[in-house]
Amino acid sequence: MSSIIFPSDKVTIADLRKLRPYAFDHGFDGVDNIQPVFFLEPLKSGQSMDTLGDLLFLERCAVAVAYARAEGIAPPDCEFIDMRELLKEKYVRLKLSSGILEAEELVRDLESQAARLSQAKGR
């Protein structure tokens, strides 16, 4: 996968700070809140999601699934029905895309890169 160009490669700490200053600039205000929240993203359900960890996982899962399909082998267990939708939402939320259509293009590009990697391996 080292030859794959991931949209998340463009994410910088400065970008994240601009999007979520509260996640970097607050915290350390007592024993129960000793660290800033950094990459945890609150959800409407009241739960939290790991912003960067989930993004990296979803991207690599999308590549692994596309690669497996190109190879004609069973995809890894990471594939789930809304994986692509979650990934697109992450791209929009982290300003890696200007909207859902561009996010779809980013996901398709990842899948195309995985298919090309499979083809290159077969040469």
Side-chain angles (χ1 to χ4, degrees):
M1 273 197 218
S2 61
S3 65
I4 302 289
I5 299 169
F6 293 95
S8 62
D9 292 344
K10 298 175 186 160
V11 175
T12 68
I13 297 299
D15 294 334
L16 294 171
R17 264 187 100 180
K18 286 177 193 168
L19 287 171
R20 295 184 175 74
Y22 63 85
F24 290 85
D25 301 334
H26 301 289
F28 299 102
D29 62 0
V31 175
D32 292 333
N33 193 14
I34 199 154
Q35 289 190 15
V37 293
F38 289 110
F39 308 119
L40 289 179
E41 186 173 353
L43 300 174
K44 290 178 185 172
S45 66
Q47 298 175 333
S48 292
M49 176 172 35
D50 179 344
T51 301
L52 285 183
D54 286 352
L55 173 63
L56 299 177
F57 170 78
L58 289 168
E59 283 183 326
R60 279 138 186 87
C61 181
V63 167
V65 168
Y67 181 86
R69 287 189 178 139
E71 287 286 306
I73 59 176
D77 289 340
C78 68
E79 182 179 27
F80 46 93
I81 197 75
D82 58 352
M83 172 192 66
R84 293 178 96 257
E85 295 306 312
L86 290 172
L87 184 53
K88 290 188 291 188
E89 289 171 15
K90 286 267 187 204
Y91 286 156
V92 172
R93 224 177 290 133
L94 290 171
K95 306 280 189 230
L96 290 169
S97 71
S98 59
I100 206 72
L101 294 177
E102 185 180 355
E104 176 67 33
E105 290 174 19
L106 292 174
V107 173
R108 282 191 195 138
D109 181 60
L110 279 178
E111 294 167 339
S112 294
Q113 289 183 71
R116 286 192 302 274
L117 187 63
S118 170
Q119 292 166 356
K121 181 187 143 235
R123 291 182 193 164

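The shown structure was predicted, so the numbers you read here are calculated from the model rather than taken from an experiment. Below, each value reflects all heavy atoms present in this structure, side chains not excepted, and no hydrogens, waters or symmetry copies. Numbers for residues simply follow the sequence, beginning at 1.
Atom OH of residue Tyr91 and atom CD of residue Glu59 lie 3.5 Å apart, to the nearest 0.5 angstrom. Expressed to the nearest 0.5 Å, how far CD of Glu104 lies from OG of Ser97 amounts to 10.5 Å. For the atom pair Arg116 CZ and Tyr67 OH, the distance stands at 14.0 Å (nearest 0.5 Å).
Val65 and Leu56 are members of different hydrophobic clusters when ILVMFWY side chains are connected at heavy-atom separations under 4.5 Å. In this structure, Ile100 is not a member of the same hydrophobic cluster as Val107, with clusters built from ILVMFWY side-chain heavy atoms closer than 4.5 Å.
Between Arg60 and Ser8, the closest side-chain pair of non-hydrogen atoms falls below 4.5 Å. For the pair Asp15/Leu94, no side-chain contact is recorded, criterion being any heavy-atom separation below 4.5 Å from C-beta on. For the pair Leu52 and Leu16, the minimum side-chain heavy-atom distance is below 4.5 Å. Counting heavy atoms from C-beta outward, Leu55 and Phe6 have side chains that stay 4.5 Å or more apart.
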- Task: Would you check, one step at a time, whether the test side chain to side chain contact (heavy atoms under 4.5 Å, CB included) holds for Asp54 with Leu86?
- Result: CA-CA 9 Å; Asp54 286 352; Leu86 290 172; over 6 Å; no
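Looking at every heavy atom in both residues, Asp9 comes nearest to Ile4 through OD2-O, 4.2 Å. Considering every non-hydrogen atom in both Glu102 and Leu96, the closest pair reads OE2-O, 4.3 Å. Residue Met83 comes nearest to Cys61 through the heavy atom pair SD-SG, 3.1 Å, listed as atom of the first residue, atom of the second, then distance. Looking at every heavy atom in both residues, Ala74 comes nearest to Ala68 through O-CB, 3.8 Å. Considering every non-hydrogen atom in both Phe57 and Cys78, the closest pair reads CZ-CB, 3.6 Å.
Other residues, nucleotides and ligands place no more than 12 heavy atoms under 6.0 Å from the CD1 atom of Ile5. For Asp82, the CG atom counts as densely surrounded, since its 6.0 Å shell holds more than 12 non-hydrogen atoms of other residues, nucleotides or ligands.
In this structure, Glu111 does not pair ionically with Arg108, as no charged nitrogen and carboxylate oxygen lie closer than 4.0 Å.
Of the possible polar contacts, none joining the Asp109 side chain to the Leu106 backbone as a donor-acceptor pair under 3.5 Å is found.
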